[in-house]
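Heads up, the thing below is written out as structure tokens.
Numbers here are sequence positions counted from 1. Order of listing sets the numbers, starting from 1, for every ligand and every atom in it.
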Amino acid sequence: MALQQKGMHGAWVSRWTFIMAATGSAVGLGNIWKFPYIAGSNGGGAFVLVYLACILFIGVPVMMAEVMLGRHGRKSPINAMRDIVSESGVDRRWAHLGWLGVLAGILILSFYAVIAGWALSYIIEIGSGQLRGADGDTAAAAFTQLLNDPSRLIFWQTVFLTLCVAVVMGGVKKGLGVAVETLMPILFLILLGLLVFSVFKGNFQAAANFLFHFNLDQLTWRSVLEAMGHAFFTLSIGMGAIMAYGAYMPQKDSIGKTVLIVAFFDSAVAIISGLVIFSIVFATPGIEPSAGPGLMFISLPVAFGNMPGGLLIGAIFFILVSIAAWSSAISLLEPCVAWLVETKNMGRFQANMIFAVIAWILGLGTVFSFNIGSDYQLFGFTFFDFLDFLTANIMLPISGLLIALFVGYVVDKKIIQSEMLGTDPKVQLLWRYALRYLAPFAIGAVFIMGLYDKFL
Ligand code: PHE
């Protein structure tokens, strides 16, 4: 019984630790780096609206389903799914869902570590004043120089993965639990500090107009697909991370309420980051909001290099990005590590090293996409763009769709009833409706239209 309640990896000390851990997983490069630039290149407001709708109507129900499966299984996603499938007495092929999630997770970790490495290197680049007074060309040249240098990229990717191993090695309570309880309050404080700064020193009005002015003509199916894929990516759903964290959640807590809190924090951080970044961008002449992936690494450094106190604010900003990426990446490593510990009875350190090395080697593909391998194309993408598109726009929606169908139609009702005791019956009804009808229909339609738009 004790094992059933806690599982072999232990549990979070409280509901609050779960909330911090899941928020840590959710809030990452997706919120601070990717959200502002995809909102910028998809025209701002309308995209934001669709994105928020995807979070609320699709993301939250699927995330609840994932937490529920994890908490019931009390194991790594692969083994949890296997147990739940046999407990429900249904087709064993459903158990592959655990694998799909973990595979997407390791692919994401591989490129995530490289980009997080850019952020780490920018703490020093900006803080040491190398970009003081830089104009757009100088900042672009500095960024290109970083991307053109595989050894620098590999160095920072390795530092980042080492930081992740250092946390995950410590286990659920002393590693992950302590890390998120320390890092998340720091992250929120820094973000609020930057928000205050951007209200006083940036062009906050223009930023707010840009993000909240709903201009529907700019919206295409492709941008709706992008908004949905991003909703999955930013909530960390569809790849085992949330299922693994759910396995360490206390039994009595309400899944519905907890997930809503996490989704709220995640969206708030995305919007606040967008406001901070665009306030700075709009206050600096000659920078476009639609600058794409370089928005954070080219446009912002120009702004930081030219404002009073900018070096300090800039270094703090990139510390924020690194912390956010760190608390996310550990949740990509944990499901794989937990699986090896359970299945092969391996020590945590060894299991961590194995997956960190796999992610590191795969990450070389991303490293080389920006320099010596930039001509190498897969379906018209560089290796990095291919992985990004494959995971966020294909694997995550498919995995999300299957999770919705599995919990909506397939899983044994008794499992659902026992896990959802703490959740309001009305919320449960809405949740079931979302999983059975809304999510499958929306994910299916957007997915097909989005691919059609992209490739045909
Ligand atoms: N949610 C993270 C982000 O927005 C990315 C992530 C995906 C982290 C999956 C963990 C698992 O950056």
Side-chain angles (χ1 to χ4, degrees), residues 19-39 51-52 54-55 59-60 62-63 66-67 70 76-77 98 100-119 160-161 163-164 167-168 176 179-180 183-184 187 191 226-246 259 262-274 293 296 320-338 355 359 387-397 399-400 403:
I19 293 178
M20 285 298 96
T23 306
S25 168
V27 170
L29 293 171
N31 304 59
I32 310 177
W33 168 66
K34 200 168 170 194
F35 171 75
Y37 93 71
I38 55 179
Y51 158 81
L52 288 176
C54 289
I55 295 265
V60 166
V62 173
M63 191 175 190
E66 246 194 72
V67 173
S76 70
L100 179 64
V102 171
L103 180 66
I106 208 77
L107 293 177
I108 292 178
L109 181 62
S110 80
F111 69 78
Y112 210 79
V114 177
I115 297 171
W118 302 352
F160 184 76
L161 283 170
L163 287 173
C164 297
V167 169
V168 179
L176 297 153
V180 294
L183 293 177
M184 296 319 285
L187 186 145
L191 191 64
E226 202 157 345
M228 191 182 71
H230 186 64
F232 281 97
F233 182 82
T234 189
L235 290 178
S236 305
I237 49 185
M239 61 206 109
I242 289 298
M243 213 187 279
Y245 276 9
V259 164
V262 174
F264 171 79
F265 278 145
D266 183 67
S267 311
V269 172
I271 301 231
I272 296 176
S273 306
M296 192 166 96
L320 166 81
V321 178
S322 306
I323 290 180
W326 190 16
S327 62
S328 294
I330 53 179
S331 74
L332 290 166
L333 203 49
E334 173 60 21
C336 310
V337 168
F355 279 105
L387 276 191
D388 183 23
F389 186 78
L390 176 72
T391 50
N393 294 1
I394 297 186
M395 293 175 86
L396 303 189
S399 161
I403 288 174

Legend entry - Ligand-residue contact atoms, ligand 1 with Asn31, heavy atoms, under 4.0 Å: 4 (O)
Legend entry - Donor on one side chain, acceptor on other, Thr234 and Asp266, under 3.5 Å: yes
Legend entry - Proximity winner for atom 8 (C) of ligand 1, if only heavy atoms of Ala329, Ser25, Ala116 are counted: Ser25
Inset, instruction - With heavy atoms under 4.0 Å as the rule, classify the contact between Thr234 and ligand 1 as side chain, backbone, both or neither. - result: both
Legend entry - Donor-acceptor contact below 3.5 Å, side chain Asn393 vs main chain Leu390: no
Legend entry - Between CE on residue Met239 and CZ on residue Phe233, distance to nearest 0.5 Å: 6.5 Å
Legend entry - Contact with ligand 1 for Phe35, non-hydrogen, under 4.0 angstrom: no
Inset, instruction - Pick one of side chain, backbone, both or neither for how Phe233 approaches ligand 1, counting any non-hydrogen atom pair under 4.0 Å. - result: both
Inset, instruction - May I ask you to decide if Gly24's main-chain N or O and Ser328's side chain share a donor-acceptor pair within less than 3.5 Å? - result: yes
Inset, instruction - Examine Leu29 against ligand 1 and note whether any of their N/O atoms are separated by less than 3.5 Å. - result: yes
Inset, instruction - Starting from atom 10 (C) of ligand 1, locate the nearest protein heavy atom and write down its residue, its atom name and how far away it is, to 0.1 Å. - result: Ser331 OG, 3.2 Å
Legend entry - Spacing of Met184 atom CE and Thr23 atom OG1 [to the nearest 0.5 Å]: 6.0 Å
Legend entry - Polar proximity ligand 1 side, Ser328 side, N/O cut 3.5 Å exclusive: no
Inset, instruction - Decide whether an N or O pair under 3.5 Å exists between Leu235 and ligand 1. - result: no
Legend entry - For atom 6 (C) of ligand 1, closest protein heavy-atom neighbour: Ser236 OG, 3.7 Å
Legend entry - Side-chain (Glu334) to main-chain (Val168) donor-acceptor, under 3.5 angstrom: no
Inset, instruction - With heavy atoms under 4.0 Å as the rule, classify the contact between Met239 and ligand 1 as side chain, backbone, both or neither. - result: side chain
Inset, instruction - List every atom of ligand 1 that sits less than 4.0 Å from any heavy atom of Leu332, numbering the atoms from 1 in the order shown and giving each element. - result: 9 (C), 10 (C), 11 (C)
Inset, instruction - Locate the shortest heavy-atom distance separating Tyr112 from Ala325; write the atom from each residue and the value. - result: CE2-O, 3.5 Å
Legend entry - ligand 1 N/O within reach of Val27 N/O, cut-off under 3.5 Å: no
Inset, instruction - Please indicate whether any nitrogen or oxygen in Ala26 is less than 3.5 Å from any nitrogen or oxygen in ligand 1. - result: yes
Legend entry - Test item: Ser236 side-chain N/O and Ser25 main-chain N/O as donor-acceptor pair under 3.5 Å: yes
Inset, instruction - Can you see which heavy atom on Ser327 is nearest to which on Leu183, and at what distance? - result: CB-CD1, 4.4 Å
